[in-house]
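Report on the structure given below.
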There are 2 protein chains.
Amino acid sequence: MTSDRLHAQLAFAIEIDKLKRVIRRNTLMDGSRRENDAEHSWYLGMLAMIMGEHAPPGTDLQKVITMLLVHDIVEIDAGDTFIYDRVAVEQQAQAERAAADRIFNLLPEDQAVRLRALWDEFEARATPESRFAKALDRLAPILANHLTEGGTWALYKVTARQVLSNVEIIAEGSPTLGEYATGIVQASVARGHLAP
Amino acid sequence: MTSDRLHAQLAFAIEIDKLKRVIRRNTLMDGSRRENDAEHSWYLGMLAMIMGEHAPPGTDLQKVITMLLVHDIVEIDAGDTFIYDRVAVEQQAQAERAAADRIFNLLPEDQAVRLRALWDEFEARATPESRFAKALDRLAPILANHLTEGGTWALYKVTARQVLSNVEIIAEGSPTLGEYATGIVQASVARGHLAP
């Protein structure tokens, strides 16, 4: 006999498989194709696992990992937004809240509340965990662009000034990773892979 | 200044991006394409997060999640093996150990030891955490095949007897999920989506 709780959990499990079909702007690190949200979320979970020592002391890394696995699920309904498209980013917030209302509520209520709280915390970026999680979310595409001679920066005419606004977000979550990302931006400008 | 530790962590981070290009036999739940190991690993991490109450009491779910994020990284070198291909499964074990030696050792030693231990624990399936992790790893493709009218079962001429050997592995990690998977197998045979 499948309980009501298991039925609800399975409905959510089937729904979130769709995250594998939400395509982001940036590519894999070999440039072979654009990345999807599900593999991106796995990647960030791994980054949190191995980069944890660069978070402020006391940061709950297990919470960071679960937050990162959950953070893009709303994009099943709301789609991916390019972080350098400012108008879209503002319109996006409302669509993502509606998506969170729908998707997390497929779960039994206690679990819906828990996952929604993780997502809200990630978005608010007011705790060490959410700041570190957001830092990794911003670091990954910078790393991918660095490894693909500029990658999506050239394609979407992104400037160093715009990337540095994201580097500030990285530095707020991890000064060490912020310093490293600053170095990437400087090197990318020097090599002509990023407009000054 | 980028420390030696951060350099090693970045080398590992760049290496594991390749997991996004390791393709599994089973498809997404809409049947649109075959799945890769990275998005599969994300999916299992999410399953662990929402199905945890079906693990034996006292199971460390955070450990299950990290174990699942790590479990397929060896396939960057060793490739994916179809679980119903018995000869390949045996040859695979040696290739995976060599891959673990190479890839985890890109990390600083303490982290390499920790991730290798997680992978060894997963493979040995001797703890509640590894048995539950393996149960989810076996459940996900059964769920996907169920939702695609048999999916890879028909394609690779897999029989109910073979699937039931995996259902036993699920039941060892979670009796509730084992019972649910048994129901899927019975329904799939009844509908003609799986050979008896």
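Numbers restart at 1 for each chain; the letters A, B, ... are given by sequence-line order, proteins then strands.
Under the 4.5 Å side-chain heavy-atom criterion for ILVMFWY residues, no single connected hydrophobic cluster contains both A/V113 and A/I16. Residues A/I169 and A/M67 do not share a hydrophobic cluster, clusters being chains of Ile/Leu/Val/Met/Phe/Trp/Tyr side chains in contact below 4.5 Å. One hydrophobic cluster holds both A/V167 and A/Y156 under the rule that ILVMFWY side chains link at heavy-atom gaps under 4.5 Å.
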Check the pair B/Q62 / A/L61 against side chain to side chain contact (heavy atoms under 4.5 Å, CB included), numbers first and verdict last. CA-CA 10 Å; B/Q62 293 294 352; A/L61 292 170; over 6 Å; no

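Counting heavy-atom pairs under 4.5 Å between each of B/L143, B/L177, B/V70 and chain A puts B/V70 at the top. The candidate with the highest count of non-hydrogen atom pairs below 4.5 Å against chain A, out of B/L28, B/I65, B/L68, B/L107, is B/L28. Chain A forms the most heavy-atom pairs under 4.5 Å with one residue out of B/K20, B/R5, B/R114, and that residue is B/K20.
Interatomic distance, NZ of B/K18 versus OG of A/S32, reported as 12.0 Å (0.5 Å rounding). Considering CG of B/L69 and CE of A/M49, their distance stands at 4.5 Å, rounded to 0.5 Å. Within the model, atoms CG of A/L19 and CD of B/E39 stand 9.5 Å from one another, a figure rounded to the nearest 0.5 Å. Here the CZ-CD1 distance, from A/F104 to B/I50, works out to 11.0 Å after rounding to the nearest 0.5 Å. Between the OG1 atom of A/T27 and the CG atom of B/D17 there is a distance of 8.5 Å, given to the nearest 0.5 Å.
Between A/R21 and B/D30 there is a salt bridge, since at least one side-chain N of the basic residue sits less than 4.0 Å from a carboxylate O of the acidic one.
Along residues 118-138 of chain A, no residue comes nearer than 4.5 angstrom to chain B, judged on non-hydrogen atoms.
The contact between A/Q111 and chain B is made entirely by side chain atoms (from C-beta outward), counting heavy-atom distances below 4.5 Å. Interface residue A/L115: only side-chain heavy atoms are found under 4.5 Å from chain B. For a residue to count as touching a neighbouring chain, one of its non-hydrogen atoms must lie under 4.5 Å from one of that chain's; by this rule B/I73 touches chain A with the side chain only. Heavy atoms closer than 4.5 Å to chain B are found nowhere in A/D37, neither backbone nor side chain. Looking at B/L147, the atoms closer than 4.5 Å to chain A (heavy atoms on both sides) all sit in the side chain, from C-beta outward.
Put simply, the side chain of B/Q9 reaches to within 4.5 Å of the side chain of A/H54, judged on heavy atoms. Side-chain contact between B/F12 and A/L47 is absent, with no heavy atoms from C-beta onward closer than 4.5 Å.
The backbone N or O of A/A13 sits less than 3.5 Å from a side-chain atom of B/Y43, completing a donor-acceptor pair.
Nearest heavy atoms, B/A38 versus A/W42: O-CB, 3.3 Å.
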